[in-house]
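Comments concern the structure below.
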Amino acid sequence: MDHFARLGLPAALDVEPASLDRAYFALQLQWHPARFVAKPAAERARASAEAAALNDAYRTLKDPLGRAVYLAELSGVELPGDGKAME
């Protein structure tokens, strides 16, 4: 699942920061590993994986340059190097 879909946002370069924050914090409340401490190991593992994926999605989409690079990758555009530095 791509980062935009994970957060329920349209895949676009222009993302409303407040919408990104709301989506992230709502899902983070749902999947936070602390809520799964007394659950079976499989559920704890899934919660941990979901929380980590949410963190990665949020970190990527919160940064305008990271979001642009990610959108380019989603569109199949190959960027030289890491896409963040001029060479």
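The figures here come from the full heavy-atom set of this structure, side chains too, leaving out hydrogens, waters and symmetry mates.
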request  = Answer yes or no: is there a side-chain heavy-atom contact under 4.5 Å between W31 and R46?
outcome  = yes

task = State yes or no: do L20 and L13 share one hydrophobic cluster built from I, L, V, M, F, W and Y residues joined by side-chain heavy-atom distances below 4.5 Å, directly or via other members?
result = yes

ask   = Can F25 be reached from L54 by stepping across I, L, V, M, F, W or Y side chains whose heavy atoms are under 4.5 Å apart?
value = yes

query = Does P33 offer a backbone N or O that forms a donor-acceptor pair with the side chain of R44 under 3.5 Å?
reply = no

ask   = In terms of hydrophobic clusters joined by side-chain contacts under 4.5 Å, are L65 and L9 together?
value = no

key: Gap between atom CG of D2 and atom CG of L61 - 0.5 Å precision   = 8.5 Å

ask   = What distance do E50 atom CD and H32 atom NE2 have between them, rounded to the nearest 0.5 Å?
value = 14.0 Å

ask   = Linking I/L/V/M/F/W/Y whenever their side-chain heavy atoms sit closer than 4.5 Å, directly or via other members, would V69 and V77 fall into one cluster?
value = yes

Closest heavy-atom pair and its distance - H3, Y70 = N-OH, 2.9 Å

message = Would you say NZ of K62 has more than 12 non-hydrogen atoms from neighbouring residues, nucleotides or ligands within 6.0 angstrom?
response = yes

task = Flag yes if L29 and L27 sit in one hydrophobic cluster, no otherwise; membership is Ile, Leu, Val, Met, Phe, Trp, Tyr, and two members link when side-chain heavy atoms are under 4.5 Å apart.
result = no

message = Closer than 3.5 angstrom, by distance alone: can the side chain of R35 be matched with the main-chain N or O of Q30 as a donor-acceptor pair?
response = yes

request  = Could you grab the distance from atom OG1 of T60 to atom CZ of F4, nearest 0.5 Å is fine?
outcome  = 9.5 Å

query = Looking only at heavy atoms, which two atoms of A12 and L71 are closest? And how far apart?
reply = C-CD1, 3.3 Å

